[in-house]
Amino acid sequence: MGMNGFGPCGGDTNSVAIDSGTSCLQRSCRPGVLDAFLAGLLPQTCLMSIPVGETRRRVGFNFDGTPAEDMQFGDRPTKAKSIESDPVFSYSDEALEGNMILLMKSLSIGTMQKVALAMQKQFASGTGGSFESDALNLEIKGNKAFGSYHESFLGRTREALREVNYDPTCMPKLAMDLLNFSSFWDKVGGLGITVHQVWAAEARLNYYTYPGAGGVSTFDLEYIFYDHFGLDWEDVLKNGERRFPQYHTGDFFKCWYVLQHYRSARPFVTAMRVRMPQLTAQG
């Protein structure tokens, strides 16, 4: 096998024969960073950020490519006509926002309550855009659901690296699942009301070290999760009659919806980043 013959993951080999009368049937990667490293042209650690995973659903869109309803605002949907006869519809903006604040407070505690209130404030301001929080990132990193999600994806990443002989530039993107925060603690602690289920996700390998004499590669795995901080009509149908944790919880959700779809509030994209450092794969 020539220096390019490191796995079935790219174009054809540079030569059709290894020696006289011997056909080369091994497919290999295109010349890349691994070839340069083996030739002594690059250091052992590759500093580039390499995308290795993504969800099928993208930010702002449904699985079928149509715009996400929970990112619309001021649209007065026909399907929601019934809310115009609900008592909350006549509330002032101040009263609607006050009830939404009560909703955030009733479904979050501690640091996550500060995050929830900051998100509500940005929503009510009508600025849209995006939102990021170090506190939210740390909460996700320490969450049990994320721990299970990470272990599953890490196992698939290691297997994919093995299949391309540990050259991540040859690795196809893995399909990622959606991450849910739906435990009882998530519902009372704050992740349930601020995120609940991420809308989309991607993963990247950073600081990748090619297998050395010990045959072990190391890398950082970075997850970027995205969510829409907004409601669609289905959210109101599911939560409009809720009586927990407060008797008027369902009305609070209706207030959120009215602010977004009938008043001046605007939804936004929440971006969450979790970095898992110094992971290993056996070469």
Side-chain angles (χ1 to χ4, degrees), residues 59-62 67-109 111-133 135-136 139 178 180-182 186-200 225-272:
V59 177
F61 297 92
N62 298 312
E69 183 185 340
D70 60 4
M71 285 297 288
Q72 307 304 308
F73 56 94
D75 53 335
R76 305 177 71 90
T78 301
K79 69 171 69 176
K81 185 71 174 177
S82 61
I83 203 169
E84 296 181 22
S85 59
D86 192 286
V88 305
F89 192 78
S90 62
Y91 289 3
S92 66
D93 285 2
E94 183 179 11
L96 292 169
E97 290 175 20
N99 283 341
M100 188 177 174
I101 289 172
L102 288 175
L103 178 65
M104 297 297 116
K105 288 183 175 180
S106 66
L107 292 172
S108 61
I109 59 175
T111 301
M112 280 304 296
Q113 186 167 107
K114 295 179 180 178
V115 173
L117 291 175
M119 295 173 77
Q120 187 281 329
K121 184 177 180 180
Q122 180 167 325
F123 171 84
S125 72
T127 58
S130 62
F131 177 90
E132 294 195 41
S133 164
L136 179 57
E139 186 74 14
L178 300 175
N180 290 278
F181 302 109
S182 55
D186 294 333
K187 293 176 181 177
V188 300
L191 275 178
I193 193 62
T194 56
V195 182
H196 186 212
Q197 182 188 68
V198 301
W199 189 267
F225 300 111
Y226 303 96
D227 189 46
H228 302 159
F229 190 77
L231 297 185
D232 57 28
W233 183 239
E234 193 65 28
D235 290 320
V236 176
L237 295 179
K238 288 188 297 185
N239 296 287
E241 302 303 320
R242 279 182 60 173
R243 296 292 179 261
F244 178 84
Q246 297 190 28
Y247 182 77
H248 294 289
T249 294
D251 288 340
F252 297 164
F253 276 96
K254 294 176 186 177
C255 290
W256 182 343
Y257 188 86
V258 171
L259 280 169
Q260 176 177 336
H261 294 277
Y262 292 85
R263 306 292 174 87
S264 60
R266 290 185 62 173
F268 55 82
V269 175
T270 306
M272 299 149 278

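This one's a predicted model, so the numbers in the text were calculated from it and none came from an experiment.
- Screening residues 90-109 for side chain to side chain donor-acceptor pair (under 3.5 Å), with sequence neighbours left out, gives Asp93-Arg263.
- Across all non-hydrogen atoms, the minimal contact from Pro67 to Gln72 is CB-NE2, 3.8 Å.
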request  = Check the pair Asp227, Val269 against side chain to side chain contact (heavy atoms under 4.5 Å, CB included), reporting the backbone distance first and the verdict last.
outcome  = CA-CA 6 Å; Asp227 189 46; Val269 175; over 6 Å; no
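- Every residue two or more places apart in sequence or in another chain that forms a salt bridge (charged side-chain N to carboxylate O under 4.0 Å, His left out) with Asp251 is listed here: Lys254.
- One distance of note links CD1 of Ile101 with SG of Cys255; it measures 11.5 Å at 0.5 Å rounding.
- Within the model, atoms OG1 of Thr194 and CE of Met119 stand 5.5 Å from one another, a figure rounded to the nearest 0.5 Å.
- Listed by chain and residue number, nothing satisfies the side chain to side chain donor-acceptor pair (under 3.5 Å) test with Glu234 (two or more places apart in sequence, or in another chain).
- A search for side chain to side chain donor-acceptor pair (under 3.5 Å) contacts involving Asp186 returns Asn143, Ser183, not counting sequence neighbours.
- Here the side chain of His261 pairs no donor or acceptor atom with the backbone of Asp70 at under 3.5 angstrom.
- Looking at heavy atoms from C-beta onward, Pro77 lies in side-chain contact with Tyr262 at the 4.5 angstrom threshold.
- Under the ring-ring contact (aromatic ring centres under 6.0 Å, His included) criterion, Phe181 pairs with no residue at all, not counting sequence neighbours.
- Within the 4.5 Å cutoff, the side chain of Tyr257 has heavy atoms near those of the Ile83 side chain.
- Contact check for Phe73 versus Pro267: side-chain heavy atoms found under the 4.5 Å cut-off.
- Listed by first then second residue, pairs satisfying side chain to side chain donor-acceptor pair (under 3.5 Å) with a partner in residues 118-129 read Ser125-Thr127, not counting sequence neighbours.
- Listed for the Asp232 side chain is a donor-acceptor partner under 3.5 Å among the backbone atoms of Asp235.
- By the ring-ring contact (aromatic ring centres under 6.0 Å, His included) test, Phe61 is found to be paired with no residue, residues two or more places apart in sequence or in another chain being considered.
- With sequence neighbours excluded, no residue satisfies ring-ring contact (aromatic ring centres under 6.0 Å, His included) with Tyr226.
- Take Glu139 and apply the side chain to side chain contact (heavy atoms under 4.5 Å, CB included) test, not counting sequence neighbours, and it matches Met112, Trp185, Leu191.
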Step-by-step side chain to side chain contact (heavy atoms under 4.5 Å, CB included) determination, Val236 to Phe253 = CA-CA 6 Å; Val236 176; Phe253 276 96; 5.6 Å; no
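- Phe252 CZ to Leu107 CG: the interatomic distance, rounded to the nearest 0.5 Å, is 10.0 Å.
- Looking only at side-chain heavy atoms (C-beta outward), Leu103 and Ile193 come within less than 4.5 Å of each other.
- At a threshold of 4.5 Å between non-hydrogen side-chain atoms, the residues Thr270 and Phe268 count as touching.
- Remark: the backbone N or O of Trp256 is not paired with any side-chain donor or acceptor of Gln260 at under 3.5 angstrom.
- Minimum heavy-atom separation, Ser85 to Ser82: OG-O, 2.8 Å.
- Applying the salt bridge (Lys or Arg N to Asp or Glu O under 4.0 Å) test to residues at least two apart or on different chains, the pairs with a partner in residues 74-84 are Glu69-Lys79, Lys81-Glu84.
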query = When you look at Ser130 and Phe229, which way does the side chain to side chain contact (heavy atoms under 4.5 Å, CB included) test go after all the steps?
reply = CA-CA 9 Å; Ser130 62; Phe229 190 77; over 6 Å; no
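- Looking only at distances, no side-chain donor or acceptor of His228 sits under 3.5 Å from a matching main-chain atom of Trp199.
- For the atom pair NZ (Lys238) and CG (Leu231), the distance works out to 10.0 Å, reported to the nearest 0.5 Å.
- Thr111 meets the side chain to side chain contact (heavy atoms under 4.5 Å, CB included) test with Ala135; sequence neighbours excluded.
- With sequence neighbours left out, the ring-ring contact (aromatic ring centres under 6.0 Å, His included) criterion links Phe225 to Tyr149, Tyr223.
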Stepwise side chain to side chain contact (heavy atoms under 4.5 Å, CB included) check, Met100 with Leu96 = CA-CA 6 Å; Met100 188 177 174; Leu96 292 169; over 6 Å; no
